[in-house]
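Numbers restart at 1 for each chain; the letters A, B, ... are given by sequence-line order, proteins then strands.
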Protein chains: 2
Amino acid sequence: MGRPKMYDREGITDRAMNLFWERGYHATSTRDLTEAMGVNPYSLYAEFGSKQGLYSAAVERYESTVMVGHFGGLEAEDASLEEIRDVLDFFGESGDRKGSYRGCLLCNASTELAPTLETSRESTARYVEYLITVFTNALRNAANQDRLVEAAPIDELAAFFATVLMGQFVMMRAQVDRAVVRSAANQVVVRLNEVVLSPDSRPPQRA
Amino acid sequence: MGRPKMYDREGITDRAMNLFWERGYHATSTRDLTEAMGVNPYSLYAEFGSKQGLYSAAVERYESTVMVGHFGGLEAEDASLEEIRDVLDFFGESGDRKGSYRGCLLCNASTELAPTLETSRESTARYVEYLITVFTNALRNAANQDRLVEAAPIDELAAFFATVLMGQFVMMRAQVDRAVVRSAANQVVVRLNEVVLSPDSRPPQRA
DNA sequence: AACATAGCTGAACGATCGCTTGGAAACAAG
DNA sequence: CTTGTTTCCAAGCGATCGTTCAGCTATGTT
C-alpha cells in the first residue's frame, strides 16, 4: 500500500558508491549524491538515514560487487597458487584499465577516515583481515599439496601480499606510471616463486 | 617598520602540518587550523593566501622535515645496501611508534586529493619519483660495488620498494596489527637479500 | 469513488564552511 | 610625540553544508 518507490535501492547505492569511490567522503556533498542518484533529499534520508548511512551502504555494496569480482577466485575453499597468481597479475595490469585512478574505495576510506570514523576503521580492519585470510588459506592449501618449501612463512607472506596490494591502490589513485604497479606485482610473483617447491608444480594454465 | 608578527612562519606551519596529517585536508577546517596555530584568520590569509596555500606550505614543511628524517640516509650520494636496510627496518618497526596512525601526509593526500587537486597530484608524483630515485641510486651504487647479482632488476626493485612503503603507510593509518607492517618489511628484506651477492658483503654494523 | 498509506517535491532550516574587513594596537622613522 | 606602516582582533560576509518538512501525488484497499 502507498505510493511505490521510483528508484531501486541497489541502483542508487551503486551510483553513490561510484561517486564516493571517485571523490572520497568529505569531498562528496549530499547534493552531488542526490543529483547522481536521481533522487530527492527526502528519499536519500528515508532510505539511508544519513550521509554516513549511505556511505556504509556504499561500502557494503563495494564489498559485495567490486571486491567479489577481484577476489572471488581467491575466496574458493580450494584456492591455491594459481588463484594467488591470478590476483597478482590482475592488479599488476590494473594500471592499464580506465578508471584505475579511483584505486580502491576501502583503501581510500582508510586513509581519509579511519582515524576519525569508527565505522571506517572497522570496515578497513575487516578488509585487511579478509585479504590476509584468503591469502593465508590459499598458501596453506598449496602447502598441504606439498607445493611449498617447508619453511615458507605463510602468515608473513599473506600480510606482505595484502600490504603490497594497498600500495598498488595508492599508486593507481595517484596516477603514477603504470610500470610502478606492474613492477610491484612482478616482484611479489618473484618472491612467491621462491617459496614454491618445483618450478613445474603448476598445473596447465586455465583459459 | 610596522607591527612585528607575533608568530613565526615555521612554527605555525608545523602546527598546521600536524593537523592536516592527522585529519586530512577536507576534515580540517580553517577554524581548527587557526585555533591550533594560535593565529587569527587574518594572519592565516595574510601569510598563506588560502587554505590550499597553507596546505601546500604544510606539504613543503613535511618534505623538508619529516621526509628528510625518514630518507636522509638514503639521499646520500654514496648510499648503498645498508641505507636501504635501515629504511626498511625503520618502517618495519614504525607500527610500534606512537602517532603511527597518522601514516604519511603525502600518502594520505594522494588518496584523498590526487584525482581532484592538481597540486596534490604533482606533489605525490614528486614523492614517488623521489622514492624511486633514491632507491635506484642506492641499488646502483651496490651494483657498482659488485655487491649485487648481475641480473638484479634495479628499476623494478626500486618501484617495488616504494609501493610497499605506501602499503605500509596505509596499514599504519588504518591501525591494523603492527605485525602486518613488520611482515611486509621482512619480506622486502628477504627479496633484497636475494639480489645481494655474498651474504658477507655487508660491512660491520654501524651504531 | 473515497480513504489510508507511503513516496515525491521544492523550499528552507540552523550550522558551518572558507574568507574578508574596519578599526584598534604595536612597532620604526622623523 | 607624530606619522606611516604593518599586524592583530572580533565580527560577520555570502555560500554551502547535512538535514528536515508541509503539501502534493500516486498507489492498494474497500
Side-chain angles (χ1 to χ4, degrees), chain A residues 1-61 105 108-109 112-113 116-120, chain B residues 1-59 105 108-109 112-113 116-120:
Chain A
M1 42 180 147
R3 182 173 175 174
K5 299 178 179 179
M6 302 186 70
Y7 58 84
D8 74 298
R9 188 182 158 100
E10 290 190 352
I12 62 174
T13 308
D14 257 335
R15 290 210 178 89
M17 178 195 78
N18 280 308
L19 214 56
F20 280 131
W21 193 358
E22 278 202 28
R23 306 188 195 172
Y25 181 77
H26 284 114
T28 308
S29 74
T30 55
R31 280 170 180 80
D32 293 335
L33 288 163
T34 54
E35 196 173 334
M37 296 158 80
V39 143
N40 281 3
Y42 169 84
S43 304
L44 193 162
Y45 284 89
E47 189 71 38
F48 302 100
S50 66
K51 185 186 177 184
Q52 278 196 29
L54 172 58
Y55 188 73
S56 296
V59 168
E60 285 175 26
R61 183 87 182 140
L105 174 62
N108 299 345
E112 185 186 358
L113 304 173
T116 53
L117 200 67
E118 175 75 16
T119 61
S120 174
Chain B
M1 43 178 148
R3 183 172 172 172
K5 298 179 181 180
M6 302 188 70
Y7 58 85
D8 73 299
R9 187 182 160 101
E10 289 191 353
I12 62 173
T13 307
D14 256 336
R15 290 209 177 89
M17 177 195 79
N18 281 308
L19 215 56
F20 280 131
W21 193 359
E22 277 202 28
R23 306 189 195 172
Y25 181 78
H26 285 114
T28 308
S29 73
T30 55
R31 281 171 179 79
D32 294 335
L33 287 163
T34 53
E35 195 173 334
M37 295 159 79
V39 143
N40 282 4
Y42 168 84
S43 303
L44 193 162
Y45 285 89
E47 190 70 40
F48 301 101
S50 67
K51 185 186 177 184
Q52 278 195 30
L54 173 57
Y55 189 73
S56 295
V59 167
L105 174 62
N108 299 345
E112 186 187 356
L113 303 173
T116 53
L117 201 68
E118 175 75 15
T119 61
S120 174

So where does chain B start and stop touching DNA chain D, 5' to 3', when the test is distance under 4.0 Å to a non-hydrogen atom?
D:dG4 to D:dG12

In whole angstrom, give the distance that lies between atom CD of B:Gln52 and atom C1' of C:dC19.
13 Å

Non-hydrogen side-chain atoms of A:Glu112 and B:Asn108 separated by less than 4.5 Å
no

Atom CG of B:Leu44 and atom P of C:dG18 are separated, to the nearest Å, by 10 Å

Can you check the B:Met37 CE to C:dC19 P distance for me, whole Å?
13 Å

Rounded to whole Å, the CG-P distance (B:Leu19 to C:dG18) equals 12 Å

Expected output: side-chain B:Asn18 to main-chain B:Arg15 donor-acceptor under 3.5 Å
no

Can you tell me if A:Asn40 touches the phosphate of C:dC8, counting only side-chain N or O atoms and a distance under 4.0 Å to OP1 or OP2?
no

Interatomic distance where CD belongs to A:Glu35 and P belongs to C:dG10 [whole Å]:
13 Å

Remember a base hit wins even if backbone is also touched, and classify A:Ser43 as base, sugar-phosphate or nothing at under 4.0 Å, heavy atoms.
sugar-phosphate

Whole-Å distance, B:Lys51 NZ to C:dG18 P, equals 4 Å

Would you say B:Ser120's side chain and B:Leu117's backbone share a donor-acceptor pair under 3.5 angstrom?
no

Between C:dT9 atom P and A:Tyr45 atom OH, what is the distance in whole Å?
17 Å

Using only side-chain N and O atoms of B:Ser29, determine if any of them is under 4.0 Å from OP1 or OP2 of C:dC17.
yes

Hey, is the side chain of A:Tyr42 poking within less than 4.0 Å of OP1 or OP2 on C:dC8, counting only N and O atoms?
no

Looking at B:Glu47 and B:Arg9, what are the two nearest heavy atoms and their distance?
OE2-NH1, 3.0 Å

Out of C:dC19, C:dC8, C:dA11, which nucleotide sits closest to the side chain of A:Tyr7?
C:dC8

For the student: nearest non-hydrogen atoms of B:Ala16 and B:Leu54, plus distance
CB-CD1, 3.7 Å

Is A:Leu19 close to A:Glu22 at the side-chain level, that is, under 4.5 Å between some pair of heavy atoms?
no

Can you check the A:Arg9 CZ to C:dA6 P distance for me, whole Å?
18 Å

With heavy atoms under 4.0 Å as the rule, sort B:Thr34 into base, sugar-phosphate or nothing.
nothing

Is the B:Tyr55 ring parallel, tilted or perpendicular to the B:Tyr25 ring (thresholds 30°, 60°)?
perpendicular

Under 4.0 Å protein heavy-atom contacts per nucleotide of nucleotides 23-30 of chain C, with B for base, S for backbone only and - for none:
--BBBS--

Using heavy-atom distances to pick each residue's nearest nucleotide on DNA chain C, tell me which of B:Thr30 and A:Gly38 is more 5'.
A:Gly38

Pair up each side-chain donor or acceptor in residues 34-45 of chain B with any protein partner under 3.5 Å, not counting sequence neighbours, and list the distances.
| from | atom 1 | to | atom 2 | distance (Å) |
| --- | --- | --- | --- | --- |
| B:Thr34 | OG1 | B:Thr30 | O | 3.1 |
| B:Thr34 | OG1 | B:Arg31 | O | 3.0 |

Flag side-chain contact, heavy atom, 4.5 Å: B:Leu33 against B:Phe20:
yes

